[in-house]
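Okay, so here's the structure we're looking at.
Along the sequence shown, residues carry numbers from 1. Counting starts at 1 for both ligands and their atoms, following the listed order.
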Amino acid sequence: MMDTLVSEKPVAARLADPCTLVIFGAAGDLTKRLLIPALYNLVNDGLLPDEFAVIGVARAEMSAEDLRQNLGDALKQFATTKVAAAKAKWLLNRVDYVQGDFGDPGAYQRLKERLARNGGNHLFYLATPPAAFSLVIEGLGEAGMTRDEKNGWRRLIIEKPFGTDLASAKELDRELLRYFDEKQIFRIDHYLGKETVQNIMVMRFANGLFEPIWNRDHIDHVQITVAETVNVESRGGFYDATGALRDMVPNHLFQLLAMTSMGPPNCFGADAVRSEKAKVLDAVRRMTPADVAKNVVRAQYTDGIVNGKPVVAYREAPDVAPHSTAETYVAMRLMIDNWRWAGVPFYLRTGKALAVRKSIIAIKFRQPPIALFRDVPEAIPADNFLVLRIQPDEGVTLEFNAKVPGEDMRIGHVRMDFQYRDYFRASPSTGYETLIYDCMIGDQTLFQRADNVEVGWSVVQPILDAWRRNKGKGLAFYQAGSEGPAEADALLARDGRAWRPLT
Ligand code: BG6
């Protein structure tokens with residue numbers, strides 16, 4: 001291993017602005033599993049000021065003490081680092097509770113009165129099921145709680161799913177903009193909280209090495225894979241109405257696509273970065289129904305074995321319709337019609353109940369123009385791949401050819417590997433720390449602007465339309481625990497290419 005030369009903590013991190021974080025859905029899963037552990041990590045890093053406070057809002061009848069107790073238990077269960085009692089106490093002592101139904105104007109009045117005692121800045125976090133988004137936005141707006149005041153800012157974090165198609169995403173944006181200004185809205189895509197996703201930008205733009213070859217002249221194609229081992233579990237109700245395409249593609253996979261394919265922004269500013277991302281997604285070719293049939297694979301898992309454990313077929317999972325045609329896997333071939341990428345296919349795939357959990361971006365470079373070594377026995381020059389490993393086992397691999405030592409000329413395929421954990425002593429995190437902290441300091445770079453969300457949906461919409469029209473015809477199947485359906489292999493084979501094996 002080479003020298004480790006890196007600091008653990010963000011160098012320039014300053015204290016977050018003093019604020020009261022209001023969590024709608026404080027009794028829910030997201031709060032327990034991710035928000036509280038993330039807040040604890042911010043306390044641990046010394047990034048929250050003394051004037052920080054949390055107010056939970058939920059329907060449940062409980063006292064502030066009950067909520068503190070629940071969140072304390074959740075912290076014990078889900079913390080990503082060892083919990084120090086004094087720091088947990090610091091955080092939990094700042095938690096209060098307001099009970100209320102999200103549709104009840106009285107709840108917002110009570111919240112408003114409670115917030116008036118804290119004064120200062122207010123950060124509203126929508127950690128609720130999507131059905132409640134509009135209610136809360138309107139409730140806050142009608143209670144006059146959403147406009148920046150002289151003595152403090154008002155900001156809103158909204159979770160995915162941001163709409164279920166282009167029209168509903170636009171509608172949600174209209175509702176938000178009735179009460180909030182774009183500068184106050186922080187649309188979360190938790191993939192942007194992942195260090196390795198942010199690193200794509202650093203790798204590309206903080207090095208002189210890659211950018212000159214990052215284009216159609218040198219790149220043959222790009223593969224983006226987000227493979228999961230988890231199955232639908234207890235989310236059947238949500239998932240059956242959603243499917244893999246809506247759940248993963250316009251948001252998480254398109255983040256990876258945009259980070260990989262965008263042009264260099266003028267600076268590392270929120271609007272500069274988000275404009276480049278919107279621009280490249282806008283250049284993705286929209287599909288006709290015939291393109292969809294040819295370039296998109298939808299599939300569903302049948303029963304099988306994942307990580308040594310039996311998994312029942314998707315259609316037999318709780319709350320899933322017995323003849324459901326919802327896809328648990330999707331693969332597609334996209335073209336980006338701009339100067340940099342014309343003619344370079346981007347292949348995307350994501351699915352549940354697959355053989356391994358693995359998210360990677362694999363960039364294949366073109367072959368050298370002259371087969372200089374064509375007479376070398378067994379010389380089949382291997383592909384030059386640059387592989388960005390997003391999770392797990394984060395790092396970067398470069399694959400190339402080298403001479404096998406010896407008197408004769410033989411060519412071997414070698415790998416140069418960079419592993420994050422060899423160089424950086426990062427403490428494990430939930431990925432939400434950066435996002436919550438950035439919102440508290442008003443930095444929108446890692447959040448989706450309205451046009452980013454809408455352009456993502458506009459690429460996916462023709463696929464949704466085509467599928468709706470053909471009512472599940474063409475749904476493929478794959479065994480749980482496999483690498484996905486044969487149809488996805490055929491999608492690349494048609495172009496004379498192949499997916500990188502998952503295992
Ligand atoms: C969520 C999806 O947004 O992302 C889930 O709703 C999916 O279905 C999850 O499992 C994947 O996130 P991660 O961080 O585990 O890759």
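- One option in Glu159, Glu228, His190 has a heavy atom closer to atom 13 (P) of ligand 1 than any other, and that option is His190.
- At a 4.0 Å heavy-atom cut-off, ligand 1 touches Tyr191 through the side chain alone.
- Atom numbering of ligand 1 starts at 1 in the shown order; those under 4.0 Å from a heavy atom of Asp247 are 2 (C), 5 (C), 6 (O), 8 (O).
- Checking Lys352, Glu233, His252, Arg357 against atom 4 (O) of ligand 1, the nearest heavy atom belongs to His252.
- Interatomic distance, Met201 CE to Met262 CE, rounded to the nearest 0.5 Å: 5.0 Å.
- Remark: Asp220 engages Arg497 in a salt bridge, criterion side-chain N to carboxylate O under 4.0 Å.
- Taking the ring centre of Phe385 as origin, the terminal cationic atom of Arg500 falls inside the region bounded by 6.0 Å and 45° from the ring axis.
- Contact check for Tyr179 versus Leu177: no side-chain heavy atoms found under the 4.5 Å cut-off.
- Numbered from 1 in the order shown, with element, the atoms of ligand 1 that lie under 4.0 Å from a heavy atom of Lys194 read 13 (P), 14 (O), 16 (O).
- Taking the six-membered ring for Trp and thresholds of 30 and 60 degrees, Tyr420 and Phe418 have ring planes inclined between 30 and 60 degrees apart.
- Numbered from 1 in the order shown, with element, the atoms of ligand 1 that lie under 4.0 Å from a heavy atom of Lys160 read 1 (C), 2 (C), 3 (O), 6 (O).
- Salt-bridge annotation for Arg246 and Asp165: absent, with no side-chain N of the basic residue lying under 4.0 Å from a carboxylate O of the acidic one.
- In terms of polar-atom proximity, defined here as any N/O pair under 3.5 Å, Arg235 does make such a contact with ligand 1.
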